[in-house]
There are 2 protein chains.
Amino acid sequence: MSSSGKDQVQCDCNVIHEEVVNRVRDKMPEEEQLYDLAEFFKVFGDSSRIKIIWALFEEEMCVCDIAYLLNMTQSAVSHQLRVLKQARLVKPRREGKNMFYSLDDEHIAAIFKEGLNHLNE
Amino acid sequence: MSSSGKDQVQCDCNVIHEEVVNRVRDKMPEEEQLYDLAEFFKVFGDSSRIKIIWALFEEEMCVCDIAYLLNMTQSAVSHQLRVLKQARLVKPRREGKNMFYSLDDEHIAAIFKEGLNHLNE
DNA sequence: CTAACATATGAGCGCAGGTTCATATGTTCA
DNA sequence: TGAACATATGAACCTGCGCTCATATGTTAG
């Protein structure tokens, strides 16, 4: 939080490789941005959310249909949709008593594709 | 595990939207593949690992230099490198007493780029 | 071989997060 | 307005996981 790691030496390498470390440090993005990036990917790190997203790839669905499709509780689906909504990945649309959710991001497909490419190598 | 969710109706929507649900179900990938995808993204869902990966974008580094750069314990770095190695994202190279790690995947940059694009919208 | 260094690994701790349960909020219809 | 339906939400429980600590493994120099 306060320190950038420059103040403590753990072994002799740090002295030997000081130039390398400093060069890398200068090119690192802001701490906050890397944290946000991790938070973003954390959303994809749960199979329930992955399934919900994949279902919405096809078309928008209401909460209880998602629950029915994925064999989940309505409450669990609603909780996960909340997470996805906060990450600005899905958006809701009310139609009578139902809430229909659809994808709200064009990067997801590209990210999933790269992920699958990695897994299928 | 056994059920596909087809055997339980949670509300009237399921009957009304049965065609939609069935169509989406047919297009969903294997359960296992979606699980693996979540496991893969879970690796990116930690800021320590994100930082390590980003550092290795620049050039290969040895364990204690990474620890020094990121202000982490050698043990913590080693544990995280193990996770990254098991996900086939980094590969080790021994040079004397040091282990140098480098990125072992060409998809990471694309995935990070899309993630940042999403965050900066 | 031994000492010093660099890294890996297992056990244990503490916290974050996903699910369930109960209940609140919101909507439609009679 | 009240009842039934659809969704949202808060609390509690429990598991997973990232860290620390101690120690094992591996490498080099003398």
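For an aromatic pair to be called close, the ring centres must be under 6.0 Å apart, and A/Phe44 with B/Phe40 fails this.
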For the pair A/Glu58 and B/Arg23, evaluate salt bridge (charged side-chain N to carboxylate O under 4.0 Å, His left out) and give the outcome as yes or no after the intermediate values.
-> CA-CA 9 Å; A/Glu58 300 305 327; B/Arg23 182 164 59 246; over 6 Å; no
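The two atoms that bring A/Ala87 and A/Val43 nearest to each other are CB-CG2, 4.0 Å, heavy atoms only.
Spacing between atom CG of B/Asp46 and atom C1' of D/dC19 amounts to 10 Å, rounded to whole angstrom units. Rounding to whole angstrom units, CD of residue A/Gln86 and P of C/dG17 are separated by 11 Å. Whole-Å rounding puts the A/Leu70 CG to C/dT20 P distance at 13 Å. A/Lys42 has its NZ atom 17 Å from the P atom of D/dG16, to the nearest Å.
Residues A/Gly96 and A/Glu39 both approach DNA chain C. Their nearest nucleotides, taken by heavy-atom distance, put A/Glu39 toward the 5′ side.
Remark: side-chain polar atoms of A/Asn98 are not paired, donor with acceptor, to backbone N or O of A/Phe100 under 3.5 angstrom. With hydrogens and angles disregarded, a donor-acceptor distance shorter than 3.5 Å links the side chain of B/Arg49 to the backbone of B/Lys42. B/Arg88 places a side-chain N or O within donor-acceptor distance of the main-chain N or O of A/His118, the cut-off being under 3.5 Å.
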Please list, for nucleotides 5-9 of chain D, all pairs of protein and nucleotide N/O atoms separated by less than 3.5 Å.
from, atom 1, to, atom 2, distance (Å)
D/dA6, OP2, B/Asp12, N, 3.4
D/dA6, O3', A/Lys97, O, 3.4
D/dA6, O3', A/Asn98, OD1, 2.8
D/dT7, OP1, A/Val63, N, 3.2
D/dT7, OP1, A/Met99, N, 3.4
D/dT7, OP2, A/Cys64, N, 3.0
D/dA8, OP1, A/Tyr101, OH, 2.4
D/dA8, OP2, A/Ser78, OG, 2.8
D/dA8, N7, A/Gln74, NE2, 3.0
D/dA8, N6, A/Gln74, OE1, 3.4
D/dT9, O4, A/Ser75, OG, 2.7

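Proximity of A/Gln80 to the phosphate of C/dG17: no side-chain N or O atom is located under 4.0 Å from OP1 or OP2.
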